[in-house]
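These notes are about the structure you will find just below.
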Amino acid sequence: MKTIVRFIPVAAALCALSLWAQDDIEDGVAETPPAAEASADAGEEVDVGIDIGGQLHHSKSEPKFFYTIPTVSRLEGTADVLKPGARDWESAVEGRFYPLGSVYRTVGAGTRLTVSLGRDCKVVVIGEASFGTRGQGLAVKSRAILLKSGVITLDLPLNLPEGLLFVDAPGFSVVNPAGRSAYRYAKTGDGDKATIRCVTGTLAVEGLHFRILSMRAANEVCIQTSQDALFTGIYGTRGDYVCKLDQGTFKIRDIETGESHTEQKFLEWKISPQTAVRIQRAVPEIGKNMAVTVMTFDAVGNLKNRCAFAENRFEVNSGELAPHDKGSQAELEKKAAEAASDTAAVDTDVVDAVPTDNNGGGAPAPADSTDDDLDF
């Protein structure tokens, strides 16, 4: 009987806490309990003590970096929030919690907005910009920021574990950011353009047929994506880093056993200022495997690598094609003419021409590629 009596206060406290949390979430304004707020986002293990049967049992919970739902921790100026499922924007209120899946926008060049995902995880906007959070269940531990427009800055702990935070756009996803990073995002006439800068710490970028392995302090990249996602342009603007490019599937035969297997092949291309990667895709009329062409260009626009393949089909893969420019083409023609017994003209169209963009160049850097005026 004594054991039952001792257990009743614990059960009553747990029920009260659950009802308190449910009521606040339904009202759209969930305050973090003082004790939880002090420890939930320190990135450290929390020692939890529970009185069961008159004995205090200790257990360590895993580190937590995020609040259950984000809060507007600072607002100077005008900002609006569009809650998930709502039709109309409402004025953002400093100190209020908003459900995951909300979209935030700031109005006016003098506005400053800070949305706290956790005690040490913040999204900071200065000036006019817009971003959203990913709608998800409360049990999901990771968080995602959705780029909409303007410039936003992320302030995160340097020890933020991998797989907890993502920054998403139609053409790419920033994974494993830690430290401070900044993003400028804008819709264009046919797609979008994003500039990603790693200020401190590290981050990686993933997209269809490419992955930027690790960007560090002062590294910056510009990524352009067409509206139909059939073109991706990756342009180096600051620093050096490696981009892993898909080169399709190859069939490998083991000479000793005679057995064959397929494996993916990749090209690791070093991106530096003014270099570029162009990925062009085509959707077949039958089937789902895209036809893909991946090309890399050096800082002066010369084609350095080229590979064409069909997804998941080792039978349709050009392998690495030898690059050519005017100098190498002229040298090839000269050697062919010397080897020939006659003086017949050499066909100069043996090698396919490099596809050009709308400006007529092989690998032009995007407009204002230096981005020296980015207010990060």
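Here, residue 1 is the first one in the sequence, and each next residue gets the next number.
- Under the 4.5 Å side-chain heavy-atom criterion for Ile, Leu, Val, Met, Phe, Trp and Tyr, Leu267 and Ile271 are members of the same hydrophobic cluster.
- At least one side-chain heavy atom of Leu164 sits less than 4.5 Å from a side-chain heavy atom of Phe66.
- Counting heavy atoms from C-beta on, the side chains of Tyr241 and Ile212 come closer than 4.5 Å.
- The side-chain heavy atoms of Ile69 and Ser102, taken from C-beta on, include no pair separated by under 4.5 Å.
- Minimum heavy-atom separation, Pro70 to Leu100: CD-CD2, 3.6 Å.
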For this session: Give the C-alpha distance, both sets of side-chain angles, the deciding distance and a yes or no for salt bridge (charged side-chain N to carboxylate O under 4.0 Å, His left out) between Glu76 and Arg74.
Result: CA-CA 7 Å; Glu76 298 176 4; Arg74 180 179 179 183; 2.6 Å; yes
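- One finds the CZ atom of Arg180 at 10.5 Å from the NZ atom of Lys122 (value rounded to the nearest 0.5 Å).
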For this session: Under the side-chain contact (heavy atoms from CB on, under 4.5 Å) rule, what do Ile234 and Phe210 come out as? Steps first, then yes or no, please.
Result: CA-CA 10 Å; Ile234 306 171; Phe210 76 92; 3.6 Å; yes
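- Under the 3.5 Å distance criterion, the side-chain polar atoms of Glu94 are matched with a main-chain donor or acceptor of Leu75.
- In this model, a donor atom of one side chain and an acceptor atom of the other lie less than 3.5 Å apart for Ser73 and Ser116.
- Between the side chain of Ser226 and the backbone N or O of Phe231, at least one donor-acceptor pair lies under 3.5 Å.
- No single ILVMFWY cluster, assembled from side-chain heavy atoms under 4.5 Å apart, contains both Phe266 and Met295.
- Looking at Gln264 and Asp246, their side chains come closer than 4.5 Å, going by heavy atoms from C-beta outward.
- A donor-acceptor contact closer than 3.5 angstrom is absent between the side chains of Thr296 and Arg278.
- Taking each heavy atom of Phe172 and Ile196 in turn, the nearest pair found is CE1-CD1, 3.6 Å.
- At a cut-off of 3.5 Å, with distance as the only test, a side-chain donor of Arg281 or Thr232 sits close to an acceptor on the other residue.
- In this structure, a donor-acceptor pair under 3.5 Å is present between the side chains of Asp168 and Ser173.
- Using modelled atom types, one side-chain atom of Thr133 and one backbone atom of Gly101 make a donor-acceptor pair closer than 3.5 Å.
- Other residues, nucleotides and ligands contribute more than 12 heavy atoms inside 6.0 Å of the CD atom of Glu315.
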For this session: Quick one: do Val167 and Tyr183 satisfy side-chain contact (heavy atoms from CB on, under 4.5 Å)? Show the steps, please.
Result: CA-CA 9 Å; Val167 181; Tyr183 309 84; 3.8 Å; yes
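- The neighbour count for Arg216 CZ, taken as heavy atoms of other residues, nucleotides or ligands under 6.0 Å away, does not exceed 12.
- Aromatic ring centres of Phe131 and Tyr104 lie closer together than 6.0 Å.
- No side-chain donor-acceptor contact under 3.5 Å links Gln224 and Asp192.
- Heavy-atom minimum distance, Thr275 versus Ala299: CG2-N, 3.8 Å.
- Between Leu117 atom CG and Leu156 atom CG the span is 8.0 Å, to the nearest 0.5 Å.
- The side-chain heavy atoms of Cys243 and Lys270, taken from C-beta on, include no pair separated by under 4.5 Å.
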Exercise. Does the side-chain contact (heavy atoms from CB on, under 4.5 Å) test come out yes or no for Lys141 and Phe65, once each step is laid out?
Worked result: CA-CA 9 Å; Lys141 297 180 180 180; Phe65 290 86; over 6 Å; no
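- Remark: Gln227 CD is loosely packed, at most 12 non-hydrogen atoms of other residues, nucleotides or ligands lying under 6.0 Å away.
- Summarising the geometry, atom CZ belonging to Phe166 is positioned 12.5 Å from atom CG belonging to Leu146; distances are rounded to the nearest 0.5 Å.
- Inter-residue side-chain proximity for Lys251 and Glu263 is flagged as unmet; no heavy-atom pair is nearer than 4.5 Å.
- Leu208 and Leu147 end up in the same hydrophobic cluster when Ile, Leu, Val, Met, Phe, Trp and Tyr side chains are linked at under 4.5 Å.
- Taking 4.5 Å as the limit, every side-chain heavy atom of Val72 sits out of range of all side-chain heavy atoms of Arg96.
- Of the N and O atoms on the side chains of Thr293 and Gln280, not one donor lies less than 3.5 Å from an acceptor on the other residue.
- Annotation: side chain of Trp89 is not in contact with side chain of Arg87 (no heavy-atom distance under 4.5 Å).
- When every heavy atom of Ser181 is checked against every heavy atom of Leu203, the shortest pair comes out as CB-CD2, 3.7 Å.
- Contact record, Gly171 with Thr225: CA-OG1, 3.6 Å, taken as the closest heavy-atom pair.
- One distance of note links CZ of Phe309 with CE of Met290; it measures 10.5 Å at 0.5 Å rounding.
- Hydrophobic clustering places Leu230 together with Val294 (ILVMFWY residues linked when any side-chain heavy atoms are closer than 4.5 Å, directly or through intermediates).
- Comment: Arg105 engages Asp80 in a salt bridge, judged by a side-chain N to carboxylate O separation of less than 4.0 angstrom.
- Put simply, the side chain of Thr111 gets close to the backbone of Thr78: a donor and an acceptor are under 3.5 Å apart.
- Leu113 and Val93 fall within a single hydrophobic cluster, where Ile, Leu, Val, Met, Phe, Trp and Tyr are joined by side-chain heavy atoms under 4.5 Å apart, directly or via other members.
- A donor-acceptor contact shorter than 3.5 Å is absent between the side chain of Glu90 and the backbone of Val81.
- In this structure, Cys307 SG and Asn317 CG are separated by 4.5 Å, a value rounded to the nearest 0.5 Å.
- Judged by distance alone, the side chain of Asn176 and the main-chain N or O of Gly163 form a donor-acceptor pair under 3.5 Å.
- Residues Glu268 and Leu213 approach most closely at OE2-CD1, 4.2 Å, considering heavy atoms.
- A distance of 10.0 Å separates CD1 of Ile126 from OG1 of Thr106, quoted to the nearest 0.5 Å.
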Exercise. Passes side-chain contact (heavy atoms from CB on, under 4.5 Å), Val151 versus Val125? Steps please.
Worked result: CA-CA 7 Å; Val151 177; Val125 177; over 6 Å; no
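- Side-chain contact annotation: Thr237 with Glu220, donor-acceptor N/O pair under 3.5 Å present.
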